[in-house]
Protein chains: 2
Amino acid sequence: MPVGVAADLVILTVRDGRLQVLLIRRGIEPYLGRWALPGGFVRPDEDLESAARRELAEETGLSSERIHLEQVATYGAPDRDPRGRVVSVAYLALVPDPPAPVAGSDASSASWVEVASLLQDGAAGPEAVADGLAFDHRRILGDGVERARAKLEYSPLATAFCPAEFTISELRGIYEAVWGTPLDPRNFHRKVTKTTGFVEPSGATTTRDGGRPAQLFHRGTAPTLHPPMTRG
Amino acid sequence: MPVGVAADLVILTVRDGRLQVLLIRRGIEPYLGRWALPGGFVRPDEDLESAARRELAEETGLSSERIHLEQVATYGAPDRDPRGRVVSVAYLALVPDPPAPVAGSDASSASWVEVASLLQDGAAGPEAVADGLAFDHRRILGDGVERARAKLEYSPLATAFCPAEFTISELRGIYEAVWGTPLDPRNFHRKVTKTTGFVEPSGATTTRDGGRPAQLFHRGTAPTLHPPMTRG
DNA sequence: TCAAAAGTGTTTGGTGTACACCCATGC
DNA sequence: GCATGGGTGTACACCAAACACTTTTGA
């Protein structure tokens with residue numbers, strides 16, 4: 001059975017207060033000209049996660065080491081790729097805001113696209129993005145986003161969207177963008193700072209968000225959140 | 001790149017109040033004579049989940065349709081199988097208590113093994129089960145069990161371990177076996193019956209557990225639990 | 001009548017939510 | 001001073017843990 005194994009990436013970021021995903025405009029058939037998740041085949045002696053990290057570096061130029069990357073699921077319907085049997089292992093990557101708008105490596109171009117416009121209920125309205133994503137990438141994107149949303153509740157994952165130092169407001173902005181709901185700034189502040197190991201004060205302050213100076217924090221060490229954050 | 005794609009199964013049940021997993025005694029090299037998770041290669045025109053269901057039926061004789069089955073993760077380290085490159089998609093199956101003790105299809109034998117004895121901290125003590133599981137199956141088992149433990153909290157998954165009709169005590173026994181902690185029978189009863197959509201009374205009662213007759217319930221329709229069950 | 005398990009009531013402390021209020025800066 | 005966002009205090013509702021207590025069966 002000749003089977004290809006690919007690693008596809010759901011690379012998420014929060015820009016302008018909205019959740020966005022990195023997509024590639026396909027330069028070859030099938031699905032020429034359509035948007036697709038970045039990815040590629042796993043090499044003969046390459047681990048699955050190594051392949052995902054390599055693709056991530058190729059597409060974003062990010063020296064992947066510090067980027068959060070986790071496996072989401074594997075997709076293997078026999079007819080998911082018209083070229084033949086391809087099993088795709090999907091990875092979720094979370095990157096802090098201002099990663100270079102990306103350099104197209106081959107004849108394809110990449111860009112950040114708002115997730116909300118891709119996941120409209122119903123089959124990706126035509127007015128959204130062309131005719132929707134290539135292959136089964138809409139489903140993969142949906143699963144990846146759902147994973148991210150769920151993990152924000154019980155893990156400190158939201159900090160993976162932030163630069164090394166951030167304010168509580170900025171962290172709240174991540175939650176609001178990913179969940180799509182407004183949160184009470186005061187209760188959020190209390191909750192985050194009282195959950196041990198979530199964030200730790202760096203001592204510095206900033207006024208970049210306007211108003212009274214805000215304390216800067218960096219990620220804590222807790223692997224899970226007790227108690228969890230609750231969705232609006 | 002010649003790559004084999006396999007589906008491996010973590011088949012869990014609760015028997016005698018303890019969490020057990022179905023293992024196969026390997027009849028061929030490599031790892032001849034060692035315990036391993038049941039599984040096999042995905043066929044050319046077969047979906048991944050179909051392959052998992054087929055293996056499940058072959059190993060347990062269970063007409064898989066009503067069995068809970070979900071994908072857990074995919075394992076693809078280049079050296080995980082000495083025969084060559086094999087990427088394995090692991091599935092978690094939960095079966096109600098008394099599935100036939102299994103009929104060995106080929107030269108191998110299958111049996112239920114207590115999970116606790118396989119996952120002792122440290123590298124599976126020698127006294128546990130032979131020299132531990134074949135391949136990277138100990139890790140796969142660990143991931144599968146962790147998935148099950150986590151999902152009991154926020155989903156009605158525990159009912160997948162139960163027959164069509166069950167008492168609240170029996171359901172509690174599932175939680176206690178999977179989590180490995182005792183739960184207060186009174187608070188558990190209240191919590192389960194008050195969480196809408198978790199279980200629904202069938203009207204009948206039974207005294208099979210001794211004492212006062214207990215109401216029988218069947219699974220409800222809620223996909224998730226609000227509020228979640230909490231681990232002791 | 002007793003043991004055993006089912007199920008209910010009640011108390012108590014913790015936690016999430018809503019919102020009033022004060023603080024520290026830029027303009 | 002005033003607008004803007006940062007951060008704290010507090011009242012109330014709800015929920016979970018602990019456990020006393022009643023109910024209904026089999027032996």
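Quantities reported herein were computed from a predicted structural model and do not represent experimental measurements. Sequence lines set the chain letters: A, B, ... in the order given, protein chains first and strands last, and positions in each chain run from 1.
- Taking side-chain N and O atoms only, B:Thr205 has no distance below 4.0 Å to OP1 or OP2 of C:dA6.
- Taking atom CZ of B:Arg208 as the reference point, atom P of D:dT25 lies 17 Å away to the nearest angstrom.
- The CG atom of B:Leu183 sits 11 Å away from the P atom of D:dA18 (whole-angstrom rounding).
- For A:Thr230, the side-chain atoms get nearest to C:dG16 when compared with the rest of C:dG7, D:dT25, C:dG16.
- Between the side chain of A:Arg212 and the base of C:dA24, no donor-acceptor pair under 3.5 Å is found.
- Judged by distance alone, the side chain of B:Glu176 and the main-chain N or O of B:Gly17 form no donor-acceptor pair under 3.5 Å.
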Item to complete: Output, in order, the C-alpha distance, side-chain angles, deciding distance and verdict of side chain to side chain donor-acceptor pair (under 3.5 Å) for A:Asp8 and A:Tyr75.
Response: CA-CA 10 Å; A:Asp8 286 331; A:Tyr75 303 82; over 6 Å; no

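- Here C:dT8 presents its C1' atom at 13 Å from CG of B:Asp184, a figure rounded to the nearest Å.
- Cation-pi check for A:Arg26 over A:Trp35 is not met; the charged atom does not lie both under 6.0 angstrom from the ring centroid and within 45 degrees of its normal.
- Rounded to whole Å, the distance from CG on B:Leu216 to P on C:dA6 is 11 Å.
- For A:Thr207, no side-chain nitrogen or oxygen approaches OP1 or OP2 of C:dA24 to under 4.0 Å.
- Between A:Asp209 atom CG and C:dC23 atom P there is a gap of 22 Å when expressed in whole angstrom units.
- The separation between B:Gln215 atom CD and D:dT23 atom P is 17 Å, rounded to whole Å.
- The side-chain contact (heavy atoms from CB on, under 4.5 Å) with A:Val14 is formed by just one residue from the set A:Val178, A:Val95, A:Leu94; it is A:Val178.
- Ring geometry, A:His137 versus A:Phe135: the interplanar angle falls from 30° to 60°, so the pair is classed tilted.
- The shortest distance between side-chain heavy atoms of B:Pro185 and B:Arg172 falls below 4.5 Å.
- Within the nucleic acid shown, B:Pro185 has no heavy atom closer than 4.0 Å to any nucleic acid atom.
- Other residues, nucleotides and ligands contribute at most 12 non-hydrogen atoms within 6.0 Å of the CZ atom of A:Arg139.
- Nearest-nucleotide positions on DNA chain D place A:Arg172 closer to the 5' end than the other of A:Arg172 and B:Pro228.
- Applying a 4.0 Å cut-off to non-hydrogen atoms, the residues of residues 186-195 of chain B that approach DNA chain D are B:Arg186, B:Asn187, B:Arg190, B:Lys191, listed by residue number.
- Atoms CD (A:Glu170) and C1' (D:dG6) sit 12 Å apart, rounded to a whole Å.
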